[in-house]
Amino acid sequence: MVATVQPEENLNLESGWLCLDFANTAEWHLSDQPTERLTSYAELIAWARAINLLPDRAAQQLLRAADQHPTEAARVLDRAVALREAIYHIFVAVAAGKSPSAENQAILNTELSRSMSKSRLVWNKATFDWGRQGEDGDLDQVLWWVLRSTTNLLTTEDIQRVGVCADDRGCGWLFYDTSRNRTRQWCSMRGCGNRAKARRHYERVKSEE
Ligand SMILES: [Zn+2]
(Lines give C-alpha, C1' and ligand atoms only; values in the text may rest on other atoms or scores of the structure.)
Protein backbone atom coordinates (compact mmCIF):
# COMPACT_ATOMS: atom_id res chain seq x y z
CA MET A 1 0.00 0.00 0.00
CA VAL A 2 1.26 3.49 -0.81
CA ALA A 3 -0.33 6.37 1.08
CA THR A 4 0.20 9.75 -0.54
CA VAL A 5 -2.12 12.18 1.21
CA GLN A 6 -0.53 15.56 1.72
CA PRO A 7 -1.26 15.77 5.40
CA GLU A 8 -0.31 19.18 6.72
CA GLU A 9 -2.76 21.27 4.73
CA ASN A 10 -5.81 19.37 5.95
CA LEU A 11 -4.88 18.67 9.51
CA ASN A 12 -6.26 20.09 12.71
CA LEU A 13 -2.99 21.63 13.92
CA GLU A 14 -2.39 24.17 16.65
CA SER A 15 1.00 25.37 15.39
CA GLY A 16 0.39 24.87 11.66
CA TRP A 17 3.12 22.22 11.44
CA LEU A 18 2.68 18.54 12.22
CA CYS A 19 6.24 18.27 13.57
CA LEU A 20 5.77 21.21 15.97
CA ASP A 21 2.46 19.87 17.26
CA PHE A 22 4.20 16.54 17.79
CA ALA A 23 7.08 18.25 19.63
CA ASN A 24 4.45 19.85 21.88
CA THR A 25 3.07 16.51 23.11
CA ALA A 26 4.88 17.18 26.39
CA GLU A 27 3.66 20.14 28.41
CA TRP A 28 5.88 22.40 30.57
CA HIS A 29 8.64 21.03 28.40
CA LEU A 30 11.38 23.32 29.73
CA SER A 31 10.40 22.94 33.39
CA ASP A 32 11.85 20.44 35.86
CA GLN A 33 8.73 18.30 35.58
CA PRO A 34 7.34 18.12 32.04
CA THR A 35 3.92 16.48 31.67
CA GLU A 36 4.10 13.56 29.24
CA ARG A 37 1.07 13.10 27.00
CA LEU A 38 2.43 10.08 25.11
CA THR A 39 2.04 7.67 28.01
CA SER A 40 0.99 4.65 25.91
CA TYR A 41 0.83 3.54 22.29
CA ALA A 42 -2.92 4.23 22.42
CA GLU A 43 -2.16 7.86 23.38
CA LEU A 44 0.13 8.22 20.37
CA ILE A 45 -2.70 7.00 18.14
CA ALA A 46 -5.19 9.24 19.98
CA TRP A 47 -2.97 12.23 19.17
CA ALA A 48 -2.81 11.22 15.49
CA ARG A 49 -6.63 10.86 15.49
CA ALA A 50 -7.13 14.25 17.14
CA ILE A 51 -5.20 16.06 14.42
CA ASN A 52 -6.96 13.98 11.69
CA LEU A 53 -3.73 12.33 10.57
CA LEU A 54 -5.33 8.90 10.89
CA PRO A 55 -8.91 8.11 9.86
CA ASP A 56 -10.95 6.18 12.48
CA ARG A 57 -10.67 2.90 10.63
CA ALA A 58 -6.87 3.08 10.38
CA ALA A 59 -6.61 4.07 14.04
CA GLN A 60 -8.78 1.11 15.12
CA GLN A 61 -6.69 -1.22 12.98
CA LEU A 62 -3.47 0.01 14.57
CA LEU A 63 -4.87 -0.35 18.08
CA ARG A 64 -5.86 -3.94 17.31
CA ALA A 65 -2.38 -4.63 15.87
CA ALA A 66 -0.83 -3.09 19.01
CA ASP A 67 -2.95 -5.43 21.19
CA GLN A 68 -1.61 -8.37 19.23
CA HIS A 69 2.02 -7.15 19.37
CA PRO A 70 2.37 -5.30 22.68
CA THR A 71 6.18 -5.53 22.80
CA GLU A 72 6.54 -4.00 19.36
CA ALA A 73 3.98 -1.30 20.21
CA ALA A 74 5.93 -0.43 23.37
CA ARG A 75 9.10 -0.19 21.30
CA VAL A 76 7.41 2.17 18.83
CA LEU A 77 6.24 4.34 21.73
CA ASP A 78 9.82 4.53 23.08
CA ARG A 79 11.07 5.49 19.62
CA ALA A 80 8.31 8.10 19.29
CA VAL A 81 9.19 9.76 22.61
CA ALA A 82 12.96 9.69 21.86
CA LEU A 83 12.32 11.19 18.41
CA ARG A 84 9.98 13.79 19.92
CA GLU A 85 12.64 14.85 22.42
CA ALA A 86 15.30 15.05 19.69
CA ILE A 87 13.04 17.14 17.42
CA TYR A 88 12.01 19.39 20.29
CA HIS A 89 15.56 20.11 21.41
CA ILE A 90 16.78 20.64 17.85
CA PHE A 91 14.14 23.35 17.37
CA VAL A 92 14.89 24.88 20.79
CA ALA A 93 18.60 25.05 19.88
CA VAL A 94 17.96 26.59 16.45
CA ALA A 95 15.54 29.13 17.96
CA ALA A 96 18.31 30.16 20.39
CA GLY A 97 20.82 30.51 17.54
CA LYS A 98 22.77 27.44 18.68
CA SER A 99 23.83 24.23 16.96
CA PRO A 100 21.68 21.19 17.78
CA SER A 101 23.55 18.50 19.73
CA ALA A 102 25.21 15.68 17.78
CA GLU A 103 23.20 13.18 19.86
CA ASN A 104 19.85 14.68 18.84
CA GLN A 105 20.94 14.89 15.22
CA ALA A 106 21.92 11.20 15.36
CA ILE A 107 18.51 10.18 16.76
CA LEU A 108 16.76 12.19 14.04
CA ASN A 109 18.92 10.74 11.28
CA THR A 110 18.52 7.15 12.47
CA GLU A 111 14.73 7.50 12.34
CA LEU A 112 15.02 9.34 9.03
CA SER A 113 16.86 6.44 7.37
CA ARG A 114 14.17 4.05 8.58
CA SER A 115 11.42 6.25 7.17
CA MET A 116 13.29 6.87 3.90
CA SER A 117 13.38 3.12 3.31
CA LYS A 118 9.56 3.25 3.37
CA SER A 119 9.37 6.27 1.05
CA ARG A 120 8.39 6.22 -2.59
CA LEU A 121 7.85 8.86 -5.22
CA VAL A 122 4.39 8.49 -6.71
CA TRP A 123 3.32 10.06 -10.01
CA ASN A 124 0.22 12.24 -9.53
CA LYS A 125 -0.43 13.18 -13.20
CA ALA A 126 1.51 16.46 -12.98
CA THR A 127 4.37 15.98 -10.53
CA PHE A 128 5.52 13.39 -8.03
CA ASP A 129 4.41 13.19 -4.39
CA TRP A 130 6.20 11.57 -1.51
CA GLY A 131 4.33 8.50 -0.41
CA ARG A 132 4.69 6.01 2.42
CA GLN A 133 4.93 2.46 1.25
CA GLY A 134 4.10 -0.13 3.84
CA GLU A 135 1.41 -2.27 5.39
CA ASP A 136 -1.81 -0.85 6.85
CA GLY A 137 -0.84 -2.38 10.19
CA ASP A 138 2.68 -0.86 10.39
CA LEU A 139 2.75 0.29 13.99
CA ASP A 140 5.28 3.08 13.40
CA GLN A 141 3.52 4.76 10.46
CA VAL A 142 2.76 7.93 12.45
CA LEU A 143 6.51 8.51 12.72
CA TRP A 144 6.79 8.52 8.92
CA TRP A 145 4.52 11.59 8.73
CA VAL A 146 6.30 13.27 11.64
CA LEU A 147 9.62 12.84 9.83
CA ARG A 148 8.20 14.15 6.53
CA SER A 149 7.04 17.29 8.29
CA THR A 150 10.26 17.66 10.28
CA THR A 151 12.51 17.40 7.24
CA ASN A 152 10.26 19.85 5.35
CA LEU A 153 10.59 22.46 8.08
CA LEU A 154 14.26 21.89 8.92
CA THR A 155 15.42 22.27 5.33
CA THR A 156 13.78 25.61 4.53
CA GLU A 157 14.23 29.15 5.83
CA ASP A 158 10.90 28.68 7.62
CA ILE A 159 12.96 27.11 10.39
CA GLN A 160 13.82 30.67 11.47
CA ARG A 161 10.15 31.24 12.29
CA VAL A 162 10.06 28.57 14.98
CA GLY A 163 9.99 30.12 18.43
CA VAL A 164 9.82 28.90 22.03
CA CYS A 165 7.19 30.29 24.39
CA ALA A 166 8.75 32.99 26.60
CA ASP A 167 6.87 31.87 29.71
CA ASP A 168 9.43 31.91 32.53
CA ARG A 169 8.03 28.87 34.34
CA GLY A 170 9.02 26.52 31.54
CA CYS A 171 5.97 26.20 29.24
CA GLY A 172 8.46 25.63 26.43
CA TRP A 173 5.86 25.15 23.69
CA LEU A 174 7.09 25.65 20.17
CA PHE A 175 5.19 27.92 17.82
CA TYR A 176 5.45 29.01 14.22
CA ASP A 177 5.70 32.79 14.08
CA THR A 178 3.74 34.19 11.15
CA SER A 179 4.02 37.83 12.29
CA ARG A 180 5.77 40.08 9.79
CA ASN A 181 8.58 41.15 12.12
CA ARG A 182 8.79 37.83 13.92
CA THR A 183 7.95 39.39 17.27
CA ARG A 184 5.75 36.66 18.69
CA GLN A 185 6.73 35.61 22.22
CA TRP A 186 4.02 33.33 23.57
CA CYS A 187 2.62 29.94 22.63
CA SER A 188 -0.82 31.59 22.70
CA MET A 189 -2.34 34.81 23.95
CA ARG A 190 -5.10 32.75 25.57
CA GLY A 191 -2.57 30.71 27.54
CA CYS A 192 0.84 32.00 28.56
CA GLY A 193 0.46 35.43 26.95
CA ASN A 194 -2.63 36.03 29.05
CA ARG A 195 -0.96 34.82 32.23
CA ALA A 196 2.02 37.12 31.60
CA LYS A 197 -0.32 40.06 30.98
CA ALA A 198 -2.26 39.32 34.17
CA ARG A 199 1.00 39.09 36.13
CA ARG A 200 2.28 42.40 34.74
CA HIS A 201 -1.05 44.01 35.62
CA TYR A 202 -0.91 42.60 39.15
CA GLU A 203 2.68 43.81 39.64
CA ARG A 204 1.79 47.29 38.35
CA VAL A 205 -1.22 47.56 40.65
CA LYS A 206 0.89 46.35 43.58
CA SER A 207 3.65 48.88 42.90
CA GLU A 208 1.09 51.68 42.80
CA GLU A 209 -0.31 50.76 46.21
ZN1 LIG B 1 3.39 29.00 26.67
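Counting convention: from 1, in listed order, for ligands and their atoms alike. Values in this document were obtained by computation on a predicted structure and should not be read as measured data.
- Of all protein N/O/S atoms, those under 2.8 Å from the Zn ion (ligand 1) are Cys165 SG, Cys171 SG, Cys187 SG, Cys192 SG, and waters are not counted.
- With sequence neighbours left out, the side chain to side chain donor-acceptor pair (under 3.5 Å) criterion links Asp168 to Arg199.
- The closest side-chain heavy-atom distance from Ile87 to Phe91 is below 4.5 Å.
- Taking the side chain as every heavy atom from C-beta outward, Arg84 and Glu36 approach each other to under 4.5 Å.
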Less than 3.5 Å apart, which donor and acceptor atoms pair up between the side chains of residues 38-46 and the rest of the protein, not counting sequence neighbours?
| unit_1 | atom_1 | unit_2 | atom_2 | d |
| --- | --- | --- | --- | --- |
| Ser40 | OG | Ala42 | N | 3.4 |
| Ser40 | OG | Glu43 | N | 3.1 |
| Tyr41 | OH | Leu139 | O | 2.7 |

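- Within 6.0 Å of CD in Glu14 there are 12 or fewer heavy atoms belonging to other residues, nucleotides or ligands.
- Annotation: salt bridge (Lys or Arg N to Asp or Glu O under 4.0 Å) contacts of Asp138 (sequence neighbours excluded): Lys118, Arg132.
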